[in-house]
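The next block holds one structure in the form of structure tokens; read it before the comments.
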Amino acid sequence: MQNATSLDVKYLQKVIGTNARSTGGDGMARDEIVELIEDALETAVSEGLLPPTPAGKIELEHPRRREHGDWSTNLALGVAGRLDRNPREIAEIIAGRVAESPDVISRVEVAGPGFINFHLSPAYIRNVLFEIEEMGDRYGSSDAGGRQRVQVEFVSANPVGPLHVGHGRWAALGDALAGVMSHAGFLVEREFYVNDYGTQLRNFGRSISARYMELLGRGCELPDGGYAGEYIKDIARRIVDECGDEFLDLPEEDRVDVFIEMEYPRMLESIRETLEGMGVVFDVWFRERDLYQRGEVGESLGALERDGKAYREEGALWLRTTEYGDEKDRVLVRSSGEPTYFASDIAYHRDKMERGFDRVIDIWGADHHGYVNRMKAAMEAMGYDREALEVILGQLVKLFRSGKPVVMSKRTGDVVTLDELLGEVGADAARYFFLQRSHDSPLDFDIELAKKESPENPVYYVQYAHARISSILRYAREAAAEAELPDPLPEDLELLEAEAEMDLLRKLGELEEVVEFCAMKRVPHRLTGYAEELAALFHAFYRDCRVVTDDERLMRARVFLVQGVRQALRIVLGLIGVSAPEQM
RNA sequence: GCCCCCGUAGCUCAACUGGAUAGAGCGAUAGACUUCUAAUCUGUAGGUUGCAGGUUCGAGUCCUGCCGGGGGUGCCA
């Protein structure tokens, strides 16, 4: 069924429009209805029934209630005030002049205070199935993003320890955002910024050194800001096993240097593996060190100073962020001569912009809140549009086990790592849970719930719909006693008329606008809602309609329908990063 | 103190950025497997949208002021 060659090409052109590359379905319905309204307005004006008032942007929405049609406009309500006329009367004038186009619209009516409601014709609604077949994995995609180049930078954890559960949330969020934006026509790159320079790395090396000395009987205090986790001891133990006391007599700071260079690449590699384990793969791993080695930090600061955006005071270099709405100026280079994190971040963002991205999206933990304005100010100081940088702040994750909070302490290093979580609940459940809530509210993650194979757990609900369809299709192939089922004829689809079928078709048609919405509003978590709605409608369809029946035409039509549903589920699950199982 | 985010059903969230009777899931409760997977479906109960004003044909959504929760406010990262 993968090829479309047996389809009636003329029919296809008629039903999905002559523009073969049309983004189709719902977006197309919207455009066509807007056009119909514009024409109706023009007619009304030429008949002298309405003054030539600019209508402004015609807004179309999906009414909440089915009986209000598939699309609705409040246009008449909007202009009634300005014209000082009854909105219903205006609505009647416009609605009465909408050209009949039975291929698209079956009914136009005025309702409520003056809404104009449009009901799509069943034939039009069914076309989505041809579109899905034609577009395959690309179904739901559009060019809403206009091929803008976008970089999404996320996780970017310091390579000084294993990822924690919060990182998992950023990973799920960033990856899904990148995916959905890509599907909506943006050119997206996923980037991980490696902080392999500076204080945190130093603390990492010192912590290992302290444990190393401890193991070799030279009791040694964990330094200020050091890492207390067990994993540091494990690293130190491994070094002792492999190299013995080779580093014992080195001066402390030299030993720290050696340990940093030995161990941070390993840690980074294990971070990469963890992320890959949950299906998150980055296009670029960008090293902070490279910024320094290529002199970009110096260049950036030099340019700012030359432009009078930065100045020296009390032995430090300051950026005039107050000129761009910050509360106080910020230090770029400490009086010790050591650059701040802010300095390299400025160079980093300059580098990003120079790489030609139209837009750069950073996903940061909510604890970096106070940093947003500063960074945007820096963007302006460098002469870039502050809006070119978008920061998404992710709230933290609180872990629960059967309703009880899991106690974690950063001080003692007693934390649940992302690896442990993935091992316990699996990547699918983890990614789905991470994406369930808006990024700006804290997430309560219940480990036991995520493991439950029960109705409380929505992951399985969606996956089950996919597995059920796969099972139906296997069964249908047996029943058809052929390797492949025949493609449906266009007229077969007219048999799809039950309410459950039409609801399913309508929902399928919404995917493009859902993808567009999630991409434009940067709300990838809303994909889960669509997935659940589609799955729910499928399960209801399953209750009401048998796919495999003696009626061959009906069976062909319904097979075509559930194949479309399966394709849509695959696409959405793919964007969320959850697998689509053939059976469960 | 000042700045940002959030207050919607018992719980977790929607409500397409100002529209029609505020919707889902979970939980509670009553039902449905001789039929393509019951990890499913169907019914019922559950609301003064934190409070008080304001803006207008219309407010959960916008403006002001309170109340409550979270975060930020380093020559830390």
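Every value quoted in this text rests on a predicted model; they were computed, and no experiment measured them. Quick note on labels: first sequence line is chain A, next is B, and so on, each numbered from 1.
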- Query: Does the side chain of A:Arg543 get closer than 4.0 angstrom to OP1 or OP2 of B:A38 through an N or O atom?
  - Reply: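 False: A:Arg543 side-chain N/O out of range (4.0 Å or more) of B:A38 OP1/OP2.
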- Message: B:A20, OP1 or OP2 - any side-chain N/O from A:Arg65 closer than 4.0 Å?
- Response: no
- Query: Do other residues, nucleotides or ligands put more than 12 heavy atoms under 6.0 Å from the CD atom of A:Glu424?
  - Reply: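 Atom CD in A:Glu424 is crowded, with more than 12 foreign heavy atoms closer than 6.0 Å.
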Just to be sure I understand the rule, does [X] reach a base, reach only the sugar-phosphate, or reach nothing, if contact means heavy atoms closer than 4.0 Å?
X	value
A:Lys328	sugar-phosphate
A:Ala111	base
A:Cys545	base
A:Asn158	sugar-phosphate
A:Ala467	base
A:Asp345	nothing
A:Phe342	nothing
A:Glu327	sugar-phosphate
A:Leu393	nothing

Please determine whether any donor N or O and acceptor N or O are separated by less than 3.5 Å between the side chain of [X] and the base of [N].
X	N	result
A:Ser72	B:A20	yes
A:Asn74	B:G19	yes
A:Asn117	B:A20	yes

- Less than 4.0 Å between a side-chain N and a carboxylate O, is that true for A:Glu89 and A:Arg85? yes
- A:Glu513/A:Arg30 salt bridge by N-O under 4.0 Å criterion: yes
- Task: Can you see which heavy atom on A:Leu177 is nearest to which on A:Cys518, and at what distance?
- Result: CD1-O, 4.4 Å
- Task: Could you tell me the separation between the CZ atom of A:Phe560 and the CG atom of A:Leu496, rounded to the nearest 0.5 Å?
- Result: 10.0 Å
- How should the glycosidic conformation of B:C33 be described, syn or anti, under the criterion that syn lies within 90° of 0? syn
- Relative to its sugar, using the 90° cut-off around 0, the base of B:U17 is syn
- Message: Just to be sure I understand the geometry, which residues of residues 331-339 of chain A put a non-hydrogen atom under 4.0 Å away from RNA chain B?
- Response: A:Val331, A:Arg334, A:Ser335
- Item | Test item: A:Tyr197 and A:Ser344 side chains (from C-beta on) under 4.5 Å apart, heavy atoms |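 With C-beta onward as the side chain, the pair stays apart.
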What's the closest nucleotide to the side chain of [X] if the choices are [options]?
X	options	value
A:Val548	B:A20, B:U37, B:C36	B:C36
A:Arg64	B:C41, B:A15, B:G72	B:A15
A:Tyr464	B:A20, B:U40, B:U35	B:U40
A:Tyr542	B:C36, B:U73, B:U17	B:C36
A:Thr199	B:A77, B:G74, B:U40	B:A77
A:His539	B:U37, B:U40, B:C36	B:U40

- Message: Looking at B:A20 and A:Phe115: do their rings stack (centroid distance under 5.5 Å, interplanar angle under 30°)?
- Response: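 Yes, the aromatic ring of A:Phe115 stacks with the base.
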- Task: Return the value, rounded to whole Å, for the distance between atom OH of A:Tyr461 and atom C1' of B:A38.
- Result: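 Between C1' of B:A38 and OH of A:Tyr461: 13 Å.
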- Proximity of A:His539 and A:Tyr464 rings by center, below 6.0 Å: yes
- Item | Ring-ring centroid check A:Phe286 A:Phe192, cutoff 6.0 Å | no
- Considering only the P atoms, how many Å lie between B:C11 and B:U73, rounded to the nearest integer? 32 Å
- Task: Establish, yes or no, whether the cationic atom of A:Arg468 lies under 6.0 Å from the six-membered ring centre of A:Tyr542 and within 45° of the ring axis.
- Result: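 Verdict for A:Tyr542: a cation-pi partner in A:Arg468.
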- Query: Among pairs that include at least one residue of residues 529-545 of chain A, which meet salt bridge (Lys or Arg N to Asp or Glu O under 4.0 Å), considering only residues two or more places apart or in two chains?
  - Reply: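 Sorted result for residues 529-545 of chain A: A:Lys507-A:Glu533.
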- For RNA chain B, what string of dots and brackets results from 5' to 3' when Watson-Crick and G-U pairs need both distances under 3.5 Å, crossing pairs get [ ], and pairs with another strand get |? (((((((..((((.....[...)))).(((((.......))))).....(((((..]....))))))))))))....
